[in-house]
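Right, one structure below, let's go through it.
Both counts, for ligands and for their atoms, begin at 1 and track the order of listing.
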Amino acid sequence: MKKIIIINGPNLNLLSIREKSIYGNVSFESWFENIPAKFPEINIEFFQSNNEGEIIDKLHETGFSYDGIILNAAAYTHTSLAIADAVKAIKTPVTEVHISNIFSREEIRHKSLTAPYCAGIISGFGLKSYELAIRSFL
Ligand code: DQA
């Protein structure tokens, strides 16, 4: 069975509370509850951290044995050379995800440091972005 992990970065633990007009009113946990039933053919895990080093550690931990990584590095997408280096260093393909369309927002969000090392990027479809990313590994 394919093993996939979703890695969420800072502030994504506040989905449903934070800036609802941009990120919606559904928490990640309640969205994730329905995922195993929707994709019974894969084993899918979820990890969230507000800490850059913990995200890097999780990329190292999973990046040589899992079949796919779905990464929403949140604001670190635009700032973290260290996370970009980790994505470059690992073997598992990474699909980058954003809930919002980063290209329709402030200019600072248009640049992704991680995207060049990802298999692809899905941005702007709300939580459905994650579902499309799961499909990218099927
Ligand atoms: C985000 C977009 C980022 O610019 C922002 O900092 C986030 C969430 C998204 O999923 O739309 O925290 O990655």
Side-chain angles (χ1 to χ4, degrees):
M1 200 187 264
K2 275 191 178 171
K3 244 181 138 175
I4 289 171
I5 185 165
I6 297 173
I7 300 178
N8 270 344
N11 303 306
L12 292 170
N13 54 312
L14 295 183
L15 285 183
S16 82
I17 298 165
R18 160 198 195 207
E19 299 181 88
K20 289 185 196 175
S21 60
I22 299 173
Y23 300 114
N25 54 13
V26 178
S27 73
F28 195 83
E29 287 76 6
S30 60
W31 171 82
F32 189 71
E33 255 174 33
N34 302 311
I35 289 303
K38 260 191 184 165
F39 297 97
E41 71 274 40
I42 54 169
N43 184 324
I44 181 144
E45 291 168 31
F46 151 59
F47 173 83
Q48 191 275 331
S49 177
N50 294 320
N51 186 304
E52 189 177 21
E54 283 179 9
I55 294 166
I56 293 165
D57 286 343
K58 190 52 87 175
L59 287 165
H60 292 177
E61 194 186 309
T62 56
F64 296 92
S65 54
Y66 281 48
D67 299 294
I69 295 173
I70 294 166
L71 176 66
N72 186 350
Y76 284 141
T77 306
H78 319 296
T79 63
S80 177
L81 193 55
I83 292 178
D85 281 349
V87 172
K88 194 178 182 187
I90 61 177
K91 294 267 180 282
T92 299
V94 177
T95 296
E96 176 166 326
V97 155
H98 299 284
I99 297 165
S100 62
N101 179 353
I102 57 172
F103 303 103
S104 70
R105 300 184 63 194
E106 309 96 295
E107 204 172 334
I108 196 167
R109 296 183 203 274
H110 297 183
K111 173 87 183 159
S112 167
L113 298 185
T114 43
Y117 310 116
C118 289
I121 162 167
I122 299 167
S123 182
F125 298 97
L127 285 170
K128 205 172 159 196
S129 293
Y130 290 94
E131 215 167 303
L132 296 169
I134 295 170
R135 290 185 192 282
S136 77
F137 292 111
L138 299 183

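The 4.0 Å heavy-atom shell around ligand 1 contains residues R18, Y23, N72, A74, A75, H78, H98, I99, S100, I102, R105, R109, ordered by chain and number.
Electrostatic pairing of K128 and E131 does not count as a salt bridge here, judged by no charged N lying under 4.0 Å from a carboxylate O.
Aromatic ring orientation, F32 versus F28: parallel (interplanar angle below 30°, classes split at 30° and 60°).
We find the NE2-CG distance between H78 and L113 to be 9.0 Å, quoted to the nearest 0.5 Å.
In this structure, S30 contributes its side chain and V26 its backbone to no donor-acceptor pair below 3.5 Å. Remark: the backbone N or O of R105 is paired with a side-chain donor or acceptor of H110 at under 3.5 angstrom.
Under the side-chain hydrogen bond (donor to acceptor under 3.5 Å, both in side chains) rule, E96 has a single partner from S129, S123, S112, which is S112.
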